[in-house]
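The structure appears right after this line, and notes come after that.
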Amino acid sequence: MKISRGLRNNNPLNIRRNNTRWKGLSAEQKDSAFFTFVAPCWGYRAAFITLRNYKRLHGLTTLAGWVNRWAPPTENNTAAYTAYVARKCGISQSDEIDTADKGMMCRVVAAMSQMENGVPAVMNDVEEGWALSL
């Protein structure tokens with residue numbers, strides 16, 4: 001079975017490379033477009049921090065706002081992505097999400113990971129990423 005790029009890179013939400021010096025980055029960044037982390041929990045940590053920053057820096061508080069920025073319509077079927085995550089989490093696309101709510105945040109990030117990679121997230125990795133992000 002072929003492993004998705006996000007899982008190969010231990011970057012389950014496919015965070016694009018930029019100037020951020022994330023904790024847990026692999027010493028060698030072999031992928032020219034996406035970060036590579038030493039373990040999936042570090043990729044999830046980066047995702048949680050990024051989503052908190054969407055709220056703090058950009059005023060984005062809903063799933064629709066987050067996904068529109070995370071997976072913009074110029075590159076993705078953002079409407080389908082948002083609908084999928086909302087359905088998996090049992091929320092509306094327009095519900096405000098409390099970034100301090102571990103349960104909800106872990107569900108959202110796990111659903112985003114599944115959308116990105118085509119397989120369910122390993123919840124232990126997601127929860128470890130949450131703990132590392134605090």
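By convention here, the first residue in the shown sequence is residue 1.
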CZ (R16) and OG1 (T50) are apart, to the nearest 0.5 Å, by 13.5 Å

Sub-4.5 Å side-chain heavy-atom contact between F48 and V126: yes

Scanning both residues in full, the closest heavy-atom pair of S94 with T62 reads O-CG2, 3.3 Å

Taken in chain and number order and not counting sequence neighbours, the residues that satisfy side-chain contact (heavy atoms from CB on, under 4.5 Å) with N9 are R5, N11, D31, F34, T36

Hits for salt bridge (Lys or Arg N to Asp or Glu O under 4.0 Å) against E28, two or more places apart or cross-chain, chain-then-number order -> none

Taken to the nearest 0.5 Å, the spacing of D95 CG from T61 OG1 works out to 10.0 Å

* Asked: Can you tell me if E127 and Y44 form a side-chain donor-acceptor pair at under 3.5 Å?
  -> no

CD of E128 to CH2 of W42, rounded to nearest 0.5 Å, is 8.0 Å

Residues at least two apart in sequence or cross-chain that pass side chain to side chain donor-acceptor pair (under 3.5 Å) with N18, listed by chain then number, are T20

Between the CD atom in E116 and the CG atom in N14, the distance rounded to the nearest 0.5 Å is 4.5 Å

Heavy-atom closest pair (G65 atom, L60 atom, distance to 0.1 Å) is O-CD1, 3.6 Å

When every non-hydrogen atom of L13 is compared with those of A47, the smallest separation belongs to CD2-CB, 3.8 Å

Connected to V122, directly or through other members, by ILVMFWY side-chain contacts below 4.5 Å are none

query: With a 4.5 Å heavy-atom cut-off, do S4 and V119 have their side chains touching?
result: no

To the nearest 0.5 Å, atom OH of Y54 lies from atom CG of N68 at 10.0 Å

Donor-acceptor contacts, no H, no angles, side chain residues 97-109, under 3.5 Å, sequence neighbours left out:
| residue | atom | partner | partner atom | Å |
| --- | --- | --- | --- | --- |
| D98 | OD1 | A100 | N | 2.9 |
| D101 | OD1 | G103 | N | 3.2 |
| D101 | OD1 | M104 | N | 3.1 |
| R107 | NH1 | G103 | O | 3.2 |

**Q.** Shared hydrophobic cluster, I49 / L134 (ILVMFWY, side-chain heavy atoms < 4.5 Å)
**A.** yes

Residues at least two apart in sequence or cross-chain that pass side-chain contact (heavy atoms from CB on, under 4.5 Å) with I3, listed by chain then number, are L7, R8

Heavy-atom closest pair (S92 atom, A86 atom, distance to 0.1 Å) is C-CB, 4.4 Å

Minimal heavy-atom distance between R45 and K23, with the atoms involved, is NH2-CD, 3.6 Å

Residues N10 and P40: closest non-hydrogen pair is OD1-CD, 3.3 Å

dist T82:OG1 -> M112:CE (nearest 0.5 Å) comes out at 8.5 Å

